[in-house]
Structure formats: C-alpha cells, structure tokens
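Please read the structure below before turning to the comments.
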Amino acid sequence: VERLLLIGKELKESIKSTESTGRFPHLLRITSGIPDLRPLLSSIHGKILPNGEIDDNASPELRIVRKDLAERRHRIHRTLESIFRGQVHAVQEEIITFRNGRFVIPVRTDSRNLIPGVVHGLSSSGQTTFVEPMNVIDQNNDLVRLKEQEAIEISRILLSITESLRKNIASVRASLEVVTVLDVAQAKALFAAEFDCIAPRISDGKEYMLRDARHSLLEHSLRSSGSSSVPISLELDESHKVLIIRGPHA
C-alpha cells in the first residue's frame, strides 16, 4: 500500500510539472483524480521494513524497548561467558542457546550439579543438559518482560497503521484506479513502440483494410531467433467479402 501511494504521488507530481507546457493535457486530467495522500504516506512511511519487520524507529517507545532488549541480551551473554570460563569441565560446548524463550547453556549431564539452575531439556543423546544458571534467571525474566512490551508496542503500531488506512480507504482505492489506468496506458505505449503499431481508424462503411500487417506474437518469436516477419496487406469490401487463407501461413 505504501508503494502504491508513493507511485501515485510521484505520478501526479511528474505530470503536473508539465502543466505549463500543455504537453500532456489528457494525462493531466487523469492524474488529477489521484487524491492528496501525503499525510497518510508520511504516517506509514518507513515503519515496516522490506522483510516485513517493524522498524526500530516506528515509534519512540519501540526504539527504547528494543534498546533495552539489546542491552539485556548483551548482559546475559557476558554472564554466561563468565560461567564458561569458570566451569570449563562442566560445559559441553561454549555455545549460548535459546530454549523456552530463555538463554541457556549446554552442560555435561554428568556434571549437572556443578552449575545450579533450571533445566530446560536434554539433547537427543542425553549427554547434554540445557541449563539456565541461577544468576541469569532474573535477567531472563527481564528479557521475557521486555519481549512482551515489544509485542504490545508492535501491535499498537500495526493497529495505528490499519486505522489510518481504513479512514482513507476510499482515497486509496481512487489512487489505485488511476494508477491502474496509467499502468495499462504505459503498457500499450511500450507495446506500440516495440512493434511499430499505429492506432486503427474505424470505418463507417463496409471496408476492411490492413496495410503491412504483422502478427505480434509471430514477430516477437522471429525476432528472438534473429529473423523477421513478412508484412502483408489486404482489403475487403462489398465486392470482396471473403478471404481464404491456405497453406503454412501461421
């Protein structure tokens, strides 16, 4: 939706910049139907990252809680690393892992009593016990609390964005309609330029005439192989009402 609003805004500004020259009056009329949604665009711009995550700066509250989360994680890591250094023989591997939403360390099951704490599971072999040491339990509690605060703030931000879009839904749809019209017009123009097309003149009588006509799909296929199609001309009128095509002429 943000991308749509941005394109609509840029299209309108781009076409309006030619107004004084009078070069594109028809496009100017079309783009005049794009509503001014700059306040809405400004309110949602940059809050959701391309990967779908909420940006840290989506709100001051989110920025603060994520800063606290990073500091808390860093503090827990330092505490667990000190345990690694102090209990070299008890630790299975010097790896900090995550179980049940809490930071734990892998301890040799036969040395489990050397590191007091809460057990959060065993390895498949049973030789490793994942332990949350006693001196990080409070820190992990703080981490869980901060994660909950983060989730609440993210929900609030998403709800705010949703409400903003809901209030402007008619304008968003109007913008979509105009952008679609222009997108189709551009597709036609690019196709016409690539295949050297002209606009047909519709006859009021019973005449049908093609001058140097080509089949666009056939021409496209032949171009890709380095060849070109051979144009044909034909004319039908009251005296010539039927055309018979025979042989391998696609």
Side-chain angles (χ1 to χ4, degrees), residues 1-78 96 98 100-103 139-194:
V1 174
E2 180 186 352
R3 178 70 176 150
L4 167 68
L5 299 180
L6 184 61
I7 288 174
K9 170 180 170 292
E10 291 176 347
L11 274 171
K12 187 169 185 175
E13 291 174 351
S14 177
I15 300 300
K16 191 171 178 58
S17 67
T18 69
E19 185 175 13
S20 59
T21 66
R23 290 180 63 197
F24 307 113
H26 187 51
L27 288 178
L28 197 61
R29 283 194 300 273
I30 295 174
T31 54
S32 67
I34 298 177
D36 184 3
L37 291 171
R38 285 175 295 181
L40 174 61
L41 182 60
S42 176
S43 71
I44 66 176
H45 178 65
K47 290 187 176 180
I48 301 178
L49 298 173
N51 64 358
E53 297 289 329
I54 304 298
D55 187 80
D56 292 352
N57 297 310
S59 76
E61 292 80 7
L62 185 63
R63 184 170 60 250
I64 292 170
V65 75
R66 283 188 172 170
K67 180 182 177 183
D68 290 344
L69 273 167
E71 291 175 353
R72 181 61 60 191
R73 289 192 190 99
H74 182 63
R75 195 177 304 170
I76 292 172
H77 273 246
R78 282 189 303 176
I96 297 172
F98 211 60
N100 303 319
R102 306 176 78 85
F103 284 108
Q139 296 182 62
N140 267 330
N141 288 341
D142 288 341
L143 194 69
V144 171
R145 175 181 56 80
L146 289 169
K147 288 292 291 182
E148 289 177 351
Q149 289 181 6
E150 180 191 33
I152 291 170
E153 181 59 18
I154 287 174
S155 294
R156 190 196 65 78
I157 291 167
L158 292 175
L159 182 60
S160 173
I161 292 173
T162 303
E163 288 297 334
S164 297
L165 293 172
R166 182 181 287 117
K167 290 176 183 176
N168 292 275
I169 190 64
S171 296
V172 172
R173 283 176 174 153
S175 185
L176 174 61
E177 289 173 3
V178 176
V179 169
T180 301
V181 168
L182 292 171
D183 192 30
V184 172
Q186 177 176 257
K188 290 178 180 179
L190 291 173
F191 181 89
E194 181 178 353

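Residue numbers run from 1 in the order of the sequence given. Owing to the predicted nature of the structure, the values given are computational and were not obtained by experimental measurement.
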Short side-chain to backbone donor-acceptor contact, S164 and S160, under 3.5 Å: yes
Quick one: do R156 and E153 satisfy salt bridge (charged side-chain N to carboxylate O under 4.0 Å, His left out)? Show the steps, please. CA-CA 5 Å; R156 190 196 65 78; E153 181 59 18; 2.8 Å; yes
Going by the side-chain hydrogen bond (donor to acceptor under 3.5 Å, both in side chains) test, which pairs reach into residues 4-15, not counting sequence neighbours? K9-E13
With a cut-off of 3.5 Å and sequence neighbours excluded, list every side-chain donor-acceptor pair involving residues 19-29.
from, atom 1, to, atom 2, distance (Å)
E19, OE1, K16, NZ, 3.2
T21, OG1, T18, O, 2.6
T21, OG1, R23, N, 3.4
H26, ND1, R29, NH2, 3.1

Might you point out which heavy atoms bring V179 and G8 nearest each other, and give the distance in Å? CG2-CA, 4.0 Å
Could you name each residue pair satisfying salt bridge (Lys or Arg N to Asp or Glu O under 4.0 Å) that touches residues 47-58, not counting sequence neighbours? D56-R66
When every non-hydrogen atom of G101 is compared with those of V144, the smallest separation belongs to O-CG2, 4.0 Å
Pairwise salt bridge (Lys or Arg N to Asp or Glu O under 4.0 Å) hits with a residue in residues 164-186, at least two apart: E163-R166
Among E71, R72, R73, K67, find the one that has a side chain to side chain contact (heavy atoms under 4.5 Å, CB included) with L69. R73
Nearest 0.5 Å, please: how far is CD1 in I44 from CG in L5? 5.5 Å
Mind checking whether I48 and I54 have side chains closer than 4.5 Å, heavy atoms only? yes
State which residues pass salt bridge (Lys or Arg N to Asp or Glu O under 4.0 Å) with K147; sequence neighbours excluded, sorted by chain then number. E150
Side chains of L40 and V172: does their closest heavy-atom pair fall under 4.5 Å? yes
d(L159 CG, I154 CD1) to nearest 0.5 Å is 13.5 Å
Has T162 got a side-chain atom pairing as donor or acceptor with L158's backbone, closer than 3.5 angstrom? yes
Between OG1 on residue T31 and CG on residue L182, distance to nearest 0.5 Å: 7.0 Å
Between the side chains of R102 and N141, does any donor sit under 3.5 Å from an acceptor? yes
When rounded to the nearest 0.5 Å, the distance separating CD1 of I15 from OG of S32 is 11.5 Å
Any donor-acceptor pair under 3.5 Å from S42 side chain to P39 backbone: no
For residues 30-46, which residue pairs qualify under salt bridge (Lys or Arg N to Asp or Glu O under 4.0 Å), counting only residues two or more places apart or in two chains? D36-R38
Please give me the minimum heavy-atom distance between P35 and A174, naming the atom from each residue. CG-CB, 4.0 Å
So, taking the atom named CG in N168 and the one named CG in L37, what distance separates them when rounded to the nearest 0.5 Å? 6.0 Å
Rounded to the nearest 0.5 Å, how far apart are CG of L143 and CD of Q139? 9.5 Å
Heavy-atom check, side chain of L165 versus side chain of I161, under 4.5 Å: yes
NE2/H77: more than 12 non-hydrogen atoms of other groups inside 6.0 Å: yes
